[in-house]
Amino acid sequence: MVEQWLSQRASLIAIFGEGCEALEDHVDALILGSGTAQDRFIVTSNHKDEALIDVLEFVACFNGRDQGEIIQVKI
């Protein structure tokens, strides 16, 4: 999924719920890879104790200028 998001030029991955910190760390590692490719950049955030509606509000504010599609992925 991360490679797909990179190819789609996603600007934010917001992760919420139990275990979100560890998942964010894993996603960051996948995005950075060896750290030499400058085109591999996506902002990540985790929201452990927040309701989905609050996370979606954060995403909408972050994404306000771009107006790109918001995609929810349930794991």
Side-chain angles (χ1 to χ4, degrees):
M1 280 191 193
V2 173
E3 292 300 324
Q4 178 182 355
W5 295 329
L6 282 164
S7 69
Q8 293 173 336
R9 301 180 50 98
S11 57
L12 171 68
I13 299 173
I15 304 167
F16 85 104
E18 193 67 36
C20 65
E21 296 106 332
L23 183 55
E24 181 188 19
D25 288 343
H26 185 70
V27 169
D28 284 342
L30 290 171
I31 292 169
L32 292 174
S34 65
T36 58
Q38 293 183 357
D39 62 337
R40 295 179 66 87
F41 179 80
I42 302 175
V43 174
T44 61
S45 63
N46 72 70
H47 307 266
K48 179 181 178 185
D49 296 320
E50 296 178 47
L52 175 59
I53 191 72
D54 295 330
V55 176
L56 291 174
E57 184 176 315
F58 168 81
V59 170
C61 290
F62 181 91
N63 202 37
R65 293 173 293 176
D66 191 14
Q67 295 302 317
E69 181 181 5
I70 296 173
I71 301 169
Q72 293 182 46
V73 178
K74 184 174 181 178
I75 298 176

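Both backbone and side-chain heavy atoms feed into the values below; hydrogens, waters and symmetry mates do not.
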**Message:** Can you confirm whether more than 12 heavy atoms, excluding those of Glu57, are under 6.0 Å from its CD atom?
**Reply:** no
**Fill in**
dist Gln8:CD -> Ile42:CD1 (nearest 0.5 Å) comes out at 9.0 Å
**Prompt:** Are Leu32 and Ile15 linked, directly or through other ILVMFWY residues, by side chains that come within less than 4.5 angstrom of each other?
**Reply:** no
**Asked** Which pairs, with at least one residue in residues 16-54 and sequence neighbours excluded, count as a ring-ring contact (aromatic ring centres under 6.0 Å, His included)?
**Response** His47-Phe58
**Item:** Counterpart residues, side chain to side chain contact (heavy atoms under 4.5 Å, CB included), relative to Glu3 (two or more places apart)
**Value:** Leu6, Arg40
**Fill in**
Closest heavy-atom pair, Cys20 versus Asn46, reported as atoms and distance to 0.1 Å, is SG-CB, 3.6 Å
**Asked** Listed by chain and number, what are the salt bridge (charged side-chain N to carboxylate O under 4.0 Å, His left out) partners of Glu18, not counting sequence neighbours?
**Response** none
